[in-house]
Amino acid sequence: MGKQTSRMDKIVALCKRRGFIFQSSEIYGGIGGFWDYGPLGVELKRNLKEAWWRDMVTGHDDTSVPDGAPVPYAMVGLDTSIVMHPQVWKVSGHYDMFSDLLVDCRAEGCKARFRADHISNARCPLKPSKRPGEHEACDLTEPREFNLMFKTYVGALVDPVSEAYLRPETAQGIFTNFKNVLSTARVKLPFGIAQIGKSFRNEITPRHFTFRSREFEQMEIEFFCRSAESPAWYAYWRDRRHAWYTALGLGSERLRLRDHGAEELSHYSCGTADIEYAFPFLEAGEFGELEGIAHRGDFDLRSHMEGKLVRAGDGFEVERDGEGRPRHAGSGKDLSYFDEETGERLTPHVIEPSAGADRAALAFLCEAYCEDEIPDEKGSPQPRVVLKLHPRLAPVKAAVFPLVRKDGMPQRAVDIYRELKRWWNVYYDEKGSIGRRYRRQDESGTPFCITVDQQTLNDGSVTVRERDSTEQTRVAGREITAFLRERLGYV
RNA sequence: GCGGGUAUAGCUCAAUGGUAGAGCACCGGCCUUCCAAGCCGGUAACGCGGGUUCGAUUCCCGCUACCCGCUCCA
């Protein structure tokens, strides 16, 4: 990278300088893969999550057909616990996939990694090919547990029977509550259940700022529908979710929608698309995942009924042990749905738009970061750093300044500040030159600055300075709230 | 997990085997009538732990974090 400060380095520096994102436990030297949101960052992330919740759940109209949707549908929300019954993760497949015993070879030129239970069948990459450990050069570690799920203990006693896990995804909380929602929320197919919450994955290599964190927040929808209609709903959610990012400002060529190839599909999926963003820390032409829209079929509900499933030809069947019993038993509860239209019982199929809130926040920050030039008092261009965040996402919606700290301007400005504070997160500042105050708000992404000047004292009007253009508009005092409400939109 | 690099104030840098200076930022004051002005004053740092040494921010070792490349990415 050399001496030159990269765009990403500047964004990371801004995040720290202005209080968006800090390293977790920084005063103790930090802890890899964990990050904290500062005073501005928490507002940005809350705005992002609230925009999602509003647009997907509370703002959803279930009485009409949304653009692109096959039929009207209902949306409800859920907030489930982070620690769940351990059997959930055995049945979901996470346990088997996440907690292998692995053996590494430390030998020069080898560095291979083997599953401990497969080592007798494995082949050492060194020639001539033998089993791992049989070469002179082999230097195997003891079998080590690679737990990609965080383990914890329920109850004060540290005992294997009390082992539990921090959830690696929020989805299972939705599936396990499917029956509860059906019986309480008066929903009929098709409908969606949404949830926002923390998940935890013990990433081997946390990297790229907050992009691959070990603790992160997901925004997930499990959309339940009839099998035959699932392809149409899959297409709907793909396009809908892509449009959501676009509408909030990720409209550039750095955003893309990409269908997975068959070889990329997860163990449960029969179709997946990613919404991806070309983060500045990636090589040119590379993209990082913001959200996956997966067609999960009936895998999850069936698993929680019958037991952990494995692929069998075109479909799935319960994985069995030597005695023919399920390897991981399901709940045995009936999670099917009685279809009143056809009089049949069916297991709904699921479309899952699963978004990373932290990744989205990072993408919006990267997209918004902008260096431009604006002329100073003498007309010569001066560099400026500005976050061109969508007003819905901006941590502070407006700042209120007295032009100078005299002639009663501060008092007038404070009055306006208090009025606006009833509706929005606004900021008051009377310190330093007006230009410095504008610049500071530019770095925070504040879309509007309202300035009380001499004319305000005469007729009550103020100037409203727009962040991106730096243009100023004169607005009558009693119209400020309405003016902002119109410009800020749906916040 | 492997290999390479980095670590001094919020940021960017400097100096030094005898416990560190600056610019910007930040805070206070004066001044300032629209885009980082000026003046005065102030807060603020050697990532952590060992070792060598009379003495370590400096030399050595370990750890941690971050960056780059592999590996991994359900």
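Numbers restart at 1 for each chain; the letters A, B, ... are given by sequence-line order, proteins then strands.
Cation-pi geometry between Arg201(A) and Phe150(A) is not met: the NZ or CZ atom fails to fall both under 6.0 Å from the ring centre and inside 45° of the normal.
Along RNA chain B, the nucleotide nearest Gln454(A) and the nucleotide nearest Glu289(A) are compared for position; the residue whose nucleotide lies closer to the 5' end is Gln454(A). Nucleotides of RNA chain B nearest to Glu466(A) and Ala13(A) differ in position, and the one nearer the 5' end is that of Ala13(A).
The nucleotide whose nearest atom lies closest to any side-chain atom of Arg465(A) is, among C27(B), C35(B), G28(B), C35(B). Residue Arg212(A) has its side chain nearest to C72(B) when only G28(B), C11(B), C72(B) are considered. Considering only the side chain of Tyr438(A), C34(B) comes nearest among A36(B), U33(B), C34(B). With distances taken from any side-chain atom of Val404(A) to the nucleotides C34(B), U32(B), G28(B), the minimum falls on U32(B). The listed nucleotides are U32(B), G1(B), A65(B); the one nearest the side chain of Thr205(A) is G1(B). The side chain of Ile204(A) lies closest to G1(B) when the candidates are G28(B), G1(B), A65(B). In this structure, the nucleotide among C66(B), A36(B), C34(B) sitting nearest to the side chain of Gln23(A) is C66(B). Closest contact between the side chain of Phe281(A) and the listed nucleotides C68(B), C34(B), U33(B) involves C68(B).
Of all nucleotides present, only U64(B) satisfies the Watson-Crick or G-U wobble test against A7(B), with each distance under 3.5 Å. Applying the Watson-Crick and G-U wobble criteria (two distances, each under 3.5 Å), C70(B) pairs with G1(B). Across all strands shown, G28(B) pairs with C40(B); the Watson-Crick or G-U wobble distances both stay below 3.5 Å. Pair check for A56(B) finds none; no Watson-Crick or G-U wobble contact set falls under 3.5 Å. Across all strands shown, nothing is found opposite G17(B) as a Watson-Crick or G-U wobble partner with both distances under 3.5 Å. The nucleotide A22(B) finds its pairing partner in U12(B), both defining distances of the Watson-Crick or G-U wobble pair being shorter than 3.5 Å.
Taking CG of Leu290(A) as the reference point, atom CG of Asp358(A) lies at 11.5 Å (rounded to 0.5 Å).
Straight-line distance between the P atoms of G38(B) and C48(B): roughly 35 Å, to the nearest whole Å. For the P atoms, the distance from A20(B) to C31(B) is 37 Å, rounded to whole Å. Across C61(B) and G28(B), the matching C1' atoms stand 46 Å from one another, rounded to whole Å. Taking atom P in both U6(B) and G62(B), the straight-line distance is 15 Å, to the nearest Å. Between A65(B) and G55(B), the two C1' atoms lie 29 Å apart (nearest whole Å). Rounded to a whole angstrom, the distance from the P atom of C39(B) to that of G23(B) is 11 Å. Rounded to the nearest Å, the gap between the C1' atom of A44(B) and that of C27(B) is 11 Å. The gap from the P atom of U64(B) to that of C13(B) amounts to 26 Å, rounded to the nearest Å.
Note on ring orientation: taking the six-membered ring where Trp is involved, the planes of Tyr417(A) and Tyr428(A) are tilted (angle from 30° to 60°).
For the pair Glu373(A) CD and A36(B) C1', the computed distance is 14 Å after rounding to whole Å. When the P atom of C34(B) is taken as reference, atom CD of Glu471(A) falls 18 Å away, rounded to whole Å. Distance, Lys406(A) NZ to C31(B) P: 8 Å, rounded to whole Å. When the P atom of C68(B) is taken as reference, atom CD of Glu286(A) falls 11 Å away, rounded to whole Å. Residue Leu282(A) contributes atom CG, which lies 17 Å from atom P of C73(B) at whole-angstrom precision. Taking atom NE2 on His208(A) and atom C1' on C72(B), their separation rounds to 12 Å, with Å as the unit. When the C1' atom of C48(B) is taken as reference, atom CD1 of Ile31(A) falls 15 Å away, rounded to whole Å. Whole-Å rounding puts the Glu430(A) CD to C34(B) C1' distance at 17 Å.
The residue Arg437(A) sits apart from the nucleic acid: no heavy atom pair falls under 4.0 Å. Residue-level contact check: Gly33(A) touches the backbone only, with heavy atoms under 4.0 Å from sugar-phosphate atoms and none from bases. Counting any heavy atom pair closer than 4.0 Å across all strands shown, Gln472(A) reaches a base atom. Counting any heavy atom pair closer than 4.0 Å across all strands shown, Phe401(A) reaches no nucleic acid atom. Among the atoms of the strands shown, none is found under 4.0 Å from any heavy atom of Gln455(A). Residue Asp407(A) is in base contact, counting any heavy-atom pair closer than 4.0 Å across all strands shown.
Below the 3.5 angstrom threshold, one finds no donor paired with an acceptor across the side chain of Tyr28(A) and the base of C48(B). No N or O donor and acceptor, one from the side chain of Arg384(A) and one from the base of C35(B), sit under 3.5 Å apart. Below the 3.5 angstrom threshold, one finds a donor paired with an acceptor across the side chain of Arg207(A) and the base of G69(B). With hydrogens and angles ignored, no donor-acceptor pair under 3.5 angstrom links the side chain of Glu203(A) to the base of C73(B). The base of C26(B) lies outside donor-acceptor range of the side chain of Arg17(A), with no N or O pair under 3.5 Å.
Looking only at distances, no side-chain donor or acceptor of Arg359(A) sits under 3.5 Å from a matching main-chain atom of Tyr277(A). Under the 3.5 Å distance criterion, the side-chain polar atoms of Glu220(A) are matched with a main-chain donor or acceptor of Ala171(A).
Dashed line: the shortest gap from a side-chain N or O of Arg440(A) to OP1 or OP2 of C26(B) is under 4.0 Å. At A25(B), one or more side-chain N or O atoms of Arg436(A) fall inside 4.0 Å of OP1 or OP2 (strictly under the cut-off). Listed pair Lys431(A) / C27(B) fails the phosphate criterion, with no side-chain N or O lying under 4.0 Å from OP1 or OP2.
Neither side chain, Gln454(A) nor Asn458(A), offers a donor N or O lying under 3.5 Å from an acceptor on the other.
No side-chain heavy atom of Glu352(A) sits less than 4.5 Å from a side-chain heavy atom of Ile221(A).
When each of Thr470(A), Thr473(A), Thr451(A) is checked for a side-chain contact (heavy atoms from CB on, under 4.5 Å) with Arg465(A), only Thr470(A) meets the rule.
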Give every donor-acceptor pair under 3.5 Å between a side-chain atom in residues 399-407 of chain A and any protein atom, sequence neighbours left out.
none

